[in-house]
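It should be emphasised that the depicted structure is a prediction, and the values quoted were computed from it without experimental measurement. Letters go in sequence order (proteins before strands), and every chain restarts at 1.
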Amino acid sequence: MQRNVVILDIDYVTYENKPVIRLFSKDGDKNIILLDDTFEPYLYVMADDLDKCIDEIQNNFDVVCIEKVNKKDFQIEKEFLKVTFNHPQELAKNRDALRDLESVVQIREFDIPFYRRYLMDRDVIPMTEVVAIGDKIDSFLDLDSNKQDIEIIKLTDELKRSPDYPREFRILSFDLEVRNPHGMPNSEIDEIIMIGVSSNFGINQVISTKTNSDCRDDFVNQMNSEKEMIEEFVKIIKENNIDIIVGYNSDNFDFPYLKDRAKILGIDLDIGMDGSDIRFIRRGYANAASFKGLIHVDLYLVMRRYMTLERYTLERVYYELFGEEKIDVPGDRIWEFWDNGGEELDNLFDYSLDDVVSTLKIAEQTLPLNLELTRIIGQPLFDVSRMATGQQAEWFLVKQAYFDNEVVPNKQGANFANRAAAEDNEGGYVREPEKGLHENLVQFDFRSLYPSIIISKNISPDVMYLGDVDNEEDYNISPEHGLKFKKEPQGFIPSVIDKILQERFRIKREMKASDDDTEKKALNVQQQAIKRLANTMYGIYGFPRFRWYSFECAKAITSWGRQYIKSSIKKAEEYGFYAIYADTDGFYAKYKKKDKRN
DNA sequence: CAGAAACGGGG
DNA sequence: GTGTACGTTTCTG
């Protein structure tokens with residue numbers, strides 16, 4: 001059978017000791033889970049004597065297959081061994097011992113999560129429409145299409161891209177209010193008093209055990225108990241075919257709190273597409289709240305990347321985006337408003353609704369860009385919305401490397417030397433602003449300075465030379481440090497940036513040519529997402545924990561950047577301008593004859 | 001003063 | 001989950 005579905009989420013399960021990829025998808029409002037058992041985990045091995053190495057691996061490990069493959073390592077063609085394991089956990093368990101084998105020089109691509117590998121190798125792009133061909137089956141492990149509202153399809157063909165743009169996603173925002181008279185909320189004793197919900201298809205309500213004055217009770221949904229409130233919330237999610245659920249700091253507050261209260265009250269938060277519970281995924285020291293097939297986006301994390309502010313409270317972020325003040329109730333007084341009732345309770349209801357409506361507005365403003373980033377990067381929205389921009393760039397590059405037949409570099413780790421080198425990098429040129437009120441200023445800035453330098457100077461580790469060279473004219477040589485970058489061939493990272501910037505110009509042309517407003521808007525978001533990604537590429541050289549970390553490349557970029565900005569200031573001075581402030585890629589200047597200071 | 005711990009957001 | 005944030009501020013010995 002054939003189905004057109006939009007891919008929302010992915011994981012894998014184990015069936016008969018083999019990994020099976022599960023793609024959580026939807027066809028309209030029908031939940032579809034696609035199964036693919038044809039993908040196997042692998043890594044690459046670098047060795048001097050490949051045949052000897054094959055023997056050694058075969059004698060020591062239980063692997064599915066070992067094959068010689070031609071790949072590129074920093075553009076140099078090399079023969080690697082591709083070692084395929086039966087299960088991702090087998091790979092994880094054996095990789096250290098494999099690395100330690102005498103004939104093994106190096107292992108590569110051993111730390112790429114299985115589901116990400118699948119998305120990249122099969123070119124399956126989350127949040128896009130695909131054509132799925134396969135056999136409908138009734139049940140698989142804990143999935144049962146007779147008991148659950150799902151259809152299970154075992155894929156028989158590779159997924160193909162659908163030309164259709166996915167329908168608009170159904171977004172629900174939510175927010176909890178808690179009665180906490182003794183300092184910060186404690187989920188063991190402080191009950192939930194309000195659950196606000198708002199959607200982009202008309203839901204706007206506050207679920208509570210109390211209600212407000214008669215004249216304004218249109219948005220309060222009154223329940224008999226906290227237990228009923230949570231059950232109502234679960235019902236709303238289940239019955240409205242929600243694709244994306246958003247909150248503000250919901251990874252760290254709302255969902256952990258809701259889970260605790262649900263447990264105390266004996267309620268299942270079985271909101272997952274397959275009826276599974278909420279789960280918390282460890283991300284370093286923090287947790288991320290996750291459901292199968294229901295994408296949870298914590299906007300707090302998104303906003304921290306989206307804009308530069310001194311603080312990221314919901315209030316501050318909302319003001320920045322929309323220029324409006326939010327209704328405010330101080331957190332430590334919420335319980336008083338609740339207990340006092342009357343007008344104060346009305347205010348609390350208004351506050352609860354305002355919070356959740358604002359959260360939805362922020363989601364509607366920022367999710368389109370994140371959806372486009374998700375499609376460009378090719379990883380799940382859940383992950384992309386929680387990645388630092390450098391990580392986004394890295395996963396994008398890992399996928400590009402796969403298509404360029406490049407083996408990706410290993411992470412070097414933030415060791416002391418790397419960290420020190422990174423800190424040593426001078427950064428952009430800054431001229432401290434001249435004090436005072438300035439009028440009639442002119443502004444100058446470079447368009448995408450760092451990406452342009454990377455491309456024009458071909459700054460990439462695969463074309464970099466540290467020693468002496470015969471033909472200096474074949475190289476771009478950085479100011480200050482004399483780092484050499486071969487002009488030909490184009491380096492891996494410059495080529496990727498070049499490609500995506502060309503894609504950006506193509507989209508911009510298409511945008512100009514279009515006379516459909518909706519299409520124009522969508523294209524505009526796409527080109528913005530690409531611009532963001534391109535501007536982040538510099539970062540991947542500058543931070544030691546990234547795979548393409550190269551402090552030489554980072555140093556070269558900033559040194560050229562300083563040279564360009566300084567020379568343009570100088571040029572401006574020749575025409576009678578005087579820079580009163582400069583930072584990295586631009587400056588402000590006054591028109592004035594050179595004064596005594598110079 | 002250096003290294004450890006806390007913080008952010010949320011109520 | 002083929003895993004273990006992060007950069008900055010405040011506290012403590």
> At under 4.0 Å, does any side-chain N or O of A:Arg305 touch on OP1 or OP2 of C:dG7?
Replying inline: no

At 4.0 Å (heavy atoms only), tell me whether [X] reaches a base, stays on the sugar-phosphate, or touches nothing.
| X | result |
| --- | --- |
| A:Tyr12 | sugar-phosphate |
| A:Arg279 | nothing |
| A:Glu90 | nothing |

Measure [atom1]/[X] against [atom2]/[N] and give the value in whole Å, please.
| X | N | atom1 | atom2 | answer |
| --- | --- | --- | --- | --- |
| A:Ile112 | C:dG1 | CD1 | P | 14 Å |
| A:Phe546 | C:dG7 | CZ | C1' | 13 Å |
| A:Gln392 | C:dC6 | CD | P | 13 Å |
| A:His87 | C:dG3 | NE2 | P | 13 Å |
| A:Gln391 | C:dC6 | CD | P | 6 Å |
| A:Leu309 | C:dT8 | CG | P | 16 Å |
| A:Arg22 | C:dG1 | CZ | C1' | 14 Å |
| A:Phe382 | C:dG1 | CZ | C1' | 13 Å |

Any carboxylate oxygen within less than 4.0 angstrom of a Lys/Arg side-chain nitrogen, looking at [X] and [Y]?
| X | Y | value |
| --- | --- | --- |
| A:Arg261 | A:Asp190 | no |
| A:Lys292 | A:Asp274 | no |
| A:Asp404 | A:Lys72 | no |

Donor + acceptor pair across side chains of [X], [Y] (<3.5 Å):
| X | Y | result |
| --- | --- | --- |
| A:Tyr300 | A:Asn252 | no |
| A:Thr359 | A:Asp175 | no |
| A:Asn340 | A:Glu344 | yes |
| A:Asp121 | A:Tyr42 | yes |

Using the [atom1] atom on both, measure [N] against [M] and round to a whole Å.
| N | M | atom1 | result |
| --- | --- | --- | --- |
| C:dT2 | C:dG7 | C1' | 28 Å |
| C:dT8 | B:dG9 | C1' | 15 Å |
| C:dA5 | B:dG8 | C1' | 12 Å |

For nucleotides 9-11 of chain B, list the nitrogen or oxygen atoms of the protein found under 3.5 Å from its nitrogen or oxygen atoms, one pair per line.
| residue | atom | partner | partner atom | Å |
| --- | --- | --- | --- | --- |
| B:dG9 | OP1 | A:Tyr312 | N | 3.2 |
| B:dG9 | N9 | A:Asn249 | ND2 | 3.1 |
| B:dG10 | OP1 | A:Leu314 | N | 2.8 |
| B:dG10 | O4' | A:Asn249 | ND2 | 3.0 |
| B:dG11 | OP1 | A:Asp175 | OD1 | 3.2 |
| B:dG11 | OP1 | A:Asp355 | OD2 | 3.4 |
| B:dG11 | O3' | A:Glu177 | OE1 | 3.0 |
| B:dG11 | O3' | A:Val178 | N | 2.9 |
| B:dG11 | N2 | A:Asn180 | ND2 | 3.0 |
| B:dG11 | N2 | A:Gly183 | O | 2.9 |
| B:dG11 | N3 | A:Asn180 | ND2 | 2.7 |

> Among A:Tyr538, A:Phe543, A:Phe492, A:Phe396, which residue meets the ring pair (Phe, Tyr, Trp, His ring centres under 6.0 Å) test with A:Trp548?
Replying inline: A:Phe492

>> Looking at A:Glu177 and A:Ser352, would you say the former's side chain and the latter's main chain have a donor-acceptor pair under 3.5 Å?
In response: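 Judged by distance alone, no pair lies under 3.5 Å.
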
> Which residues, if any, of residues 60-71 of chain A bring a heavy atom under 4.0 Å of DNA chain C?
Replying inline: none

> Cation over ring, A:Arg22 on A:Phe140, under 6.0 Å and within 45°?
Replying inline: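 Ring-cation test returns no.
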
